[in-house]
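As structure tokens, the structure follows; a few thoughts come after it.
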Amino acid sequence: MVVVSGGGGGGNAWAKEMTIRRRIASIFNKTQDHFPCLRDYNDYLEEVEDMTFNLVEGIDVEEIEAKIARYQQENAEQIYMSRAKRAEDLAAALKASRMNPGKAGASDTAAGSSQGISSGAGVQGQYAPAAVPGGTQPRPTGLVPQPIGGLSDPLQGDDEETMRLRAERGARAGGWTIEMGKRRALEEAFSSIFI
């Protein structure tokens with residue numbers, strides 16, 4: 001086992017930052033709906049990010065903690081309501097995912113429920129609230145893996161030509177071309193001549 005001890009305290013810097021960000025996000029949880037215009041909301045987000053950065057870096061910690069305490073006292077009801085709404089959204093997403101298990105395959109449902117992904121709730125691309133124990137990142141809801149192709153796919157079949165076309169299309173989709181492979185092989189061959 002290798003133990004690295006640095007003078008900068010960078011060993012748990014990521015964990016410290018995540019703890020601070022979770023704490024700040026649970027207190028400063030206003031949404032764009034709480035503001036009359038987008039500019040005010042962006043100013044609010046910038047102020048929250050500045051406080052988070054300063055806490056992570058240890059700049060004016062007492063002043064920021066006092067500001068956080070003041071904000072919590074002034075906005076206690078709003079913070080409580082936002083947390084309750086987040087919990088309700090999570091409960092609704094979990095209920096919907098349990099009610100629509102037939103939409104995904106058995107393995108997709110098991111994988112989705114273990115990761116907090118709802119298989120049928122909400123509009124595609126919405127995010128479920130992150131009010132789960134351990135407080136991980138929000139997970140997309142309503143995203144069910146879609147098979148490539150389908151019944152109208154012209155490249156269905158198991159003959160040799162179809163398999164070759166599938167492999168070629170798959171390689172091109174990844175940004176690879178046959179010419180690229182040939183050029184790389186030539187470069188490698190000629191670069192090794194003079195070694």
Holding to salt bridge (charged side-chain N to carboxylate O under 4.0 Å, His left out), I want the full list of residues that pass it with R183, two or more places apart in sequence or in another chain.
E187

Is any side-chain heavy atom of R164 closer than 4.5 Å to one of E160?
no

Could you state the interatomic distance from CD (E49) to CZ (F28), rounded to the nearest 0.5 Å?
12.0 Å

Which heavy atom of L55 sits nearest a heavy atom of V61, and at what distance?
CD2-CG1, 4.1 Å

Verify, without hydrogens or angle tests, whether N12 (side chain) and A15 (backbone) share a donor-acceptor contact under 3.5 angstrom.
no

N75 versus I27: any side-chain heavy-atom pair under 4.5 Å?
no

Tell me who clusters with M81, hydrophobic residues only, linked when side chains sit under 4.5 Å apart either directly or through other members.
Y80

Looking only at heavy atoms, the pair that brings R86 and A25 closest together is NH2-O, 4.4 Å

Search all heavy atoms of K16 against all heavy atoms of V56 and return the closest pair with its distance.
NZ-O, 3.1 Å

Determine which pairs satisfy salt bridge (Lys or Arg N to Asp or Glu O under 4.0 Å) with at least one residue from residues 66-80, sequence neighbours left out, and list them in order.
E47-K67

State the CE-CG distance between M163 and L165, to the nearest 0.5 angstrom.
11.5 Å

Would a single hydrophobic cluster contain both L90 and I79, if residues Ile, Leu, Val, Met, Phe, Trp and Tyr are joined by side-chain heavy-atom contacts under 4.5 Å?
no

If you round to the nearest 0.5 Å, how far is CD1 of I68 from CD of Q72?
7.5 Å

Go through the structure and list residues passing side chain to side chain contact (heavy atoms under 4.5 Å, CB included) with L186, not counting sequence neighbours.
F190

Is there a side-chain contact between R22 and S26 (heavy atoms, below 4.5 Å)?
no

Does the side-chain contact (heavy atoms from CB on, under 4.5 Å) test come out yes or no for Y71 and Q78, once each step is laid out?
CA-CA 11 Å; Y71 182 86; Q78 182 270 323; 3.8 Å; yes

Taking the side chain as C-beta and beyond, is there a heavy-atom pair between M18 and R21 under 4.5 Å?
yes

Roughly how far apart are T52 OG1 and I24 CD1, rounded to 0.5 Å?
5.0 Å

Rounded to the nearest 0.5 Å, the OH atom of Y44 sits from the OG1 atom of T31 at a distance of 9.0 Å

Can you pull out every side chain to side chain donor-acceptor pair (under 3.5 Å) where at least one residue sits in residues 53-65? Sequence neighbours excluded, please.
R23-E65

Which pairs with one or both residues in residues 25-44 pass salt bridge (Lys or Arg N to Asp or Glu O under 4.0 Å), sequence neighbours excluded?
R39-D43

